[in-house]
Participant: 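Okay, handing you the structure first.
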Amino acid sequence: MEFGFLGLGIMGKAMAINLLRHGFKVTIWNRTLSKCDELVQHGASVGETPATVVKKCKYTIAMLSDPSAALSVVFDKDGVLEHINGKCYIDMSTVDADTSSKISEAIKAKGGYFLEAPVSGSKKPAEDGQLIILAAGDKALYDEVLPAFDVLGKKSFFLGEVGNGAKMKLVVNMIMGSMMNAFSEGITLAERSGLNPGTLLDVLDLGAISNGMFKLKGPTMLQNSYSPAFPLKHQQKDMRLALALGDENAVSMPVAAAANEAFKKARSMGLGDLDFSAVHETLKAPDHSS
Ligand SMILES: NC(=O)C1=CN([C@@H]2O[C@H](COP(=O)(O)OP(=O)(O)OC[C@H]3O[C@@H](n4cnc5c(N)ncnc54)[C@H](OP(=O)(O)O)[C@@H]3O)[C@@H](O)[C@H]2O)C=CC1
Ligand SMILES: O=CC(=O)O
């Protein structure tokens, strides 16, 4: 099976390498061309534009930063739409339901097939093929690409009509971003009140609120180490899109709104390209320390 792959950031690179490792042929494209070099070493071919990739491959996956990137790669000159007739497009980026629907409608109008399939799980699960895939849209296409999803993920869900995958992903990341802020405040409170924060991590891990994120991020947060697995700017984008979904559905989300403010503050401190756990640094800013 041959796949096109657009977007070789933290996630896209790991996912495309996984496909190559499992015997899929992969033709890649990335806005910054130099990021293709490493994948060529793994056996990938390079396409000059999104349009040429789609022309060559029956199936093309995209893993792009945000709604504006996802729209640009589809609608701009040399974009996906130019050769989509009879071809299949799977957008795995985290975007809102409106963006996904716009892309879906345009692709179907040109005779193509569309599946949205955002993922839960970060850099390491992407490297290990342990993502959770939240697909929606064309069910026949979903069934066709399951062999690739089985390589990329540990479990795939088919959630019905386009938009449901995007919404599920935003709900999950809204919860994750809110939890990260509560965790960060807890670590800071422990430290400032004279407790050993390492002991806090041990206590949390033994109780009912033990979870993979606390386990993974706690030790690095205690070392002020924020090498990006999930960039903070993307977590803040997800909070913003989840809050908009809350607006649409008249759901009051004060906890998520406060978490979004903390991520915005972190971005304003220049921390957007670090891991989302760098939101912890906002609690160390001068106005919090006296
Ligand atoms: N990292 C993670 O843990 C997870 C991320 N996600 C989601 O997956 C998506 C990708 O995340 P991640 O890989 O971490 O992000 P990165 O920031 O590492 O990569 C973003 C990718 O999008 C490309 N891009 C950005 N803007 C444009 C544009 N205008 N036109 C074309 N390409 C563009 C970048 O190209 P270039 O190299 O040229 O900048 C790069 O390939 C995001 O939607 C994120 O929310 C989902 C689950 C986990
Ligand atoms: O979107 C991020 C993740 O860890 O999932």
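For the numbers below, each heavy atom of this structure counts, side chains included, while hydrogens, waters and symmetry mates do not.
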Participant: When you measure from the side chain of Q235 to the backbone of F263, do you find a donor-acceptor pair of N or O atoms at a distance under 3.5 Å?
Facilitator: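 Pair absent, no side-chain N/O of Q235 close to backbone of F263.
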
Participant: With sequence neighbours excluded, what pairs up with A62 under the side-chain contact (heavy atoms from CB on, under 4.5 Å) test?
Facilitator: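 Result, side-chain contact (heavy atoms from CB on, under 4.5 Å) vs A62: L6, L64, Y89, D91.
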
Participant: Compare all side-chain heavy atoms of R21 with those of H42 and state whether any distance is below 4.5 angstrom.
Facilitator: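 No, too far: nothing below the 4.5 Å cut-off.
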
Participant: According to side chain to side chain donor-acceptor pair (under 3.5 Å), who are the partners of S72, at least two apart in sequence or on a separate chain?
Facilitator: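 In terms of side chain to side chain donor-acceptor pair (under 3.5 Å), with neighbours along the sequence ignored, S72 is linked to D76.
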
Participant: Show me the pairs that pass side chain to side chain donor-acceptor pair (under 3.5 Å) and involve residues 60-71, at least two apart or across chains.
Facilitator: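 Sorted pair list comes back empty.
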
Participant: Treating S210 as the side-chain partner and G207 as the backbone partner, does any N or O pair qualify as donor plus acceptor under 3.5 Å?
Facilitator: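 No; judged by distance alone, with no hydrogens or angles, the pair does not exist.
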
Participant: So, do F3 and L20 sit near enough that their side-chain heavy atoms are less than 4.5 Å apart?
Facilitator: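 The answer is no; the side chains never approach within 4.5 Å.
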
Participant: S184 side chain to M180 main-chain N or O, any donor-acceptor pair under 3.5 Å?
Facilitator: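 Judged by distance alone, no pair lies under 3.5 Å.
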
Participant: May I have the list of side-chain donor-acceptor pairs in residues 120-131 shorter than 3.5 Å, sequence neighbours left out?
Facilitator:
unit_1	atom_1	unit_2	atom_2	d
K124	NZ	D128	OD2	2.6

Participant: What closest approach, in Å, do A259 and G177 show between heavy atoms, and which atom pair accounts for it?
Facilitator: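 Minimum heavy-atom separation between A259 and G177: CB-O, 3.9 Å.
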
Participant: List the steps and the verdict of side chain to side chain contact (heavy atoms under 4.5 Å, CB included) for M92 and M15.
Facilitator: CA-CA 11 Å; M92 303 187 80; M15 293 161 74; 3.7 Å; yes

Participant: Could you tell me if K56 and T27 have a donor-acceptor pair between their side chains, going purely by distance under 3.5 Å?
Facilitator: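 Distance-only check passes for T27 and K56.
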
Participant: Checking side-chain polar atoms at under 3.5 Å, does S34 have a donor or acceptor matched by the opposite partner on D37?
Facilitator: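 There is no such pair between these side chains.
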
Participant: Between H234 and T94, is there a side-chain heavy-atom distance shorter than 4.5 Å?
Facilitator: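 They are not in side-chain contact.
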
Participant: Could you tell me which non-hydrogen atom of M253 sits nearest to which non-hydrogen atom of G246, and how far apart they are?
Facilitator: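 For M253 and G246, the tightest heavy-atom pair comes out as CE-CA, 3.9 Å.
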
Participant: Can you name the closest pair of heavy atoms from F276 and M213 and give their distance?
Facilitator: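 Closest heavy-atom pair between F276 and M213: CZ-SD, 3.8 Å.
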
Participant: Can you pull the side chain to side chain donor-acceptor pair (under 3.5 Å) pairs that have at least one residue in residues 4-14, sequence neighbours excluded?
Facilitator: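 Qualifying pairs, neighbours excluded: K13-E38.
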
Participant: Where the side chain of T99 meets the backbone of V95, is there a donor-acceptor pair that is under 3.5 Å apart?
Facilitator: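 No, T99 side chain to V95 backbone: no donor-acceptor pair under 3.5 Å.
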
Participant: Considering all heavy atoms of both residues, which atom of A166 and which atom of A97 are nearest to each other, and what is their separation?
Facilitator: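 Result for this residue pair: CB-N, 3.8 Å.
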
Participant: If you look only at distance, which donor and acceptor atoms sit under 3.5 Å apart when one is on a side chain in residues 102-113 and the other is two or more places apart or in another chain?
Facilitator:
none

Participant: Any side-chain heavy atom of M239 within less than 4.5 Å of one from S178?
Facilitator: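 In short, these two side chains touch, coming nearer than 4.5 Å.
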
Participant: Can you list every side chain to side chain donor-acceptor pair (under 3.5 Å) pair that touches residues 151-161, not counting sequence neighbours?
Facilitator: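 Qualifying pairs, neighbours excluded: none.
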
Participant: V53, L33: one ILVMFWY side-chain cluster at the under-4.5 Å cut-off?
Facilitator: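 They do not share one cluster, since no chain of ILVMFWY contacts under 4.5 Å joins V53 to L33.
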
Participant: Rounded to the nearest 0.5 Å, what's the gap from CD on Q236 to CG on N260? Could you check?
Facilitator: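 Separation between the atoms: 5.0 Å.
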
Participant: Quick check: are there more than 12 heavy atoms from other residues, nucleotides or ligands sitting under 6.0 Å from CE of M179?
Facilitator: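 Enclosed.
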
Participant: Is V26 reachable from W29 through a run of hydrophobic residues whose side-chain heavy atoms are each under 4.5 Å from the next?
Facilitator: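 W29 and V26: separate clusters.
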
Participant: Is it true that L243 and V251 fall in one hydrophobic cluster, defined by side-chain heavy atoms closer than 4.5 Å?
Facilitator: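 In one cluster: yes.
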
Participant: Between S268 and K265, is there a donor-acceptor pair closer than 3.5 Å when you use the side chain of the first and the backbone of the second?
Facilitator: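 Present.
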
Participant: Supply the atom-to-atom distance L19 CG to I61 CD1, rounded to the nearest 0.5 angstrom.
Facilitator: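 That separation rounds to 5.5 Å.
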
Participant: Just so I know, are the side chains of N30 and V46 near enough to count as touching, which here means a heavy-atom distance under 4.5 Å?
Facilitator: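 With C-beta onward as the side chain, the pair stays apart.
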
Participant: Dump the intermediate steps for side chain to side chain contact (heavy atoms under 4.5 Å, CB included) on M221 and E281, then the final yes or no.
Facilitator: CA-CA 9 Å; M221 287 165 73; E281 291 295 306; over 6 Å; no

Participant: Do V279 and N181 have side-chain heavy atoms sitting under 4.5 Å apart?
Facilitator: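 Yes, side chains in contact.
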
Participant: List the atom of V162, the atom of G137, and the distance in Å for their closest heavy-atom pair.
Facilitator: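 V162 and G137 have their closest heavy atoms at CG2-CA, 3.5 Å.
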
Participant: Sequence neighbours left out, what passes side chain to side chain donor-acceptor pair (under 3.5 Å) with N173? Give chain and number order.
Facilitator: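 Residues passing side chain to side chain donor-acceptor pair (under 3.5 Å) with N173: K169, D238.
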
Participant: Is L241 reachable from L245 through a run of I, L, V, M, F, W or Y residues, each pair having side-chain heavy atoms under 4.5 Å apart?
Facilitator: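 No, L245 does not connect to L241 through the hydrophobic network.
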
Participant: Can you give me the closest heavy-atom contact between N164 and E116, atom names plus distance?
Facilitator: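 Heavy atoms of N164 and E116 come nearest at N-OE2, 3.2 Å.
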
Participant: Measuring from atom NZ of K284 to atom CE of M269, what distance do you get when rounded to the nearest 0.5 angstrom?
Facilitator: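 One gets 9.5 Å once the value is rounded to the nearest 0.5 Å.
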
Participant: Calculate, to the nearest 0.5 Å, the distance between atoms CG and CD1 belonging to L201 and I187 respectively.
Facilitator: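 Answer for the CG-CD1 pair, L201 versus I187, is 5.5 Å.
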
Participant: According to side chain to side chain donor-acceptor pair (under 3.5 Å), who are the partners of T49, at least two apart in sequence or on a separate chain?
Facilitator: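 With sequence neighbours excluded, T49 shows a side chain to side chain donor-acceptor pair (under 3.5 Å) to T52, given in chain and number order.
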
Participant: Under the criterion side chain to side chain contact (heavy atoms under 4.5 Å, CB included), I'd like the reasoning laid out for V73 against V80: C-alpha separation, chi angles, the key distance, then a yes or no.
Facilitator: CA-CA 6 Å; V73 163; V80 167; 4.0 Å; yes

Participant: Any chance you could lay out the side chain to side chain contact (heavy atoms under 4.5 Å, CB included) test for L134 and V119, step after step, and finish with the verdict?
Facilitator: CA-CA 6 Å; L134 306 171; V119 300; over 6 Å; no

Participant: Which atom pairs, donor and acceptor, lie under 3.5 Å between side-chain atoms of residues 81-88 and protein residues at least two apart or in another chain?
Facilitator:
unit_1	atom_1	unit_2	atom_2	d
E82	OE2	D78	N	2.7
K87	NZ	V54	O	3.0
K87	NZ	K55	O	2.6

Participant: First locate atom CG of L283, then atom CZ of R192, and finally report the distance between them rounded to the nearest 0.5 Å.
Facilitator: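 The CZ atom of R192 is 7.5 Å from CG of L283, to the nearest 0.5 Å.
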
Participant: Checking E191 side chain against P197 main chain: does a donor-acceptor pair fall under 3.5 Å?
Facilitator: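 Flag not set: sc E191 to bb P197 has no pair under 3.5 Å.
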
Participant: Which residue pairs pass the ring-ring contact (aromatic ring centres under 6.0 Å, His included) test when at least one of the two sits in residues 158-185, sequence neighbours left out?
Facilitator: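 For residues 158-185: Y142-F158, F183-F214.
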
Participant: If you define the side chain from C-beta out and look only at heavy atoms, does anything of Y59 sit under 4.5 Å from E144?
Facilitator: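 Yes, side chains in contact.
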
Participant: Membership question, hydrophobic clusters at under 4.5 Å side-chain separation (ILVMFWY): are M11 and I28 in the same one?
Facilitator: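 Linked within one cluster.
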
Participant: For the atom pair CE (M176) and NZ (K217), what is the distance rounded to the nearest 0.5 Å?
Facilitator: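 Answer rounded to 0.5 Å: 8.0 Å.
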
Participant: Hydrophobic clusters join Ile, Leu, Val, Met, Phe, Trp and Tyr when side-chain heavy atoms are under 4.5 Å apart, directly or via other members; which others share one with L216?
Facilitator: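 The other cluster members (ILVMFWY side chains, heavy atoms under 4.5 Å, direct or chained): none.
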
Participant: Should Y226 and H280 count as side-chain neighbours, where that means a heavy-atom distance under 4.5 Å?
Facilitator: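 Result yes, sub-4.5 Å side-chain heavy-atom pair found.
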
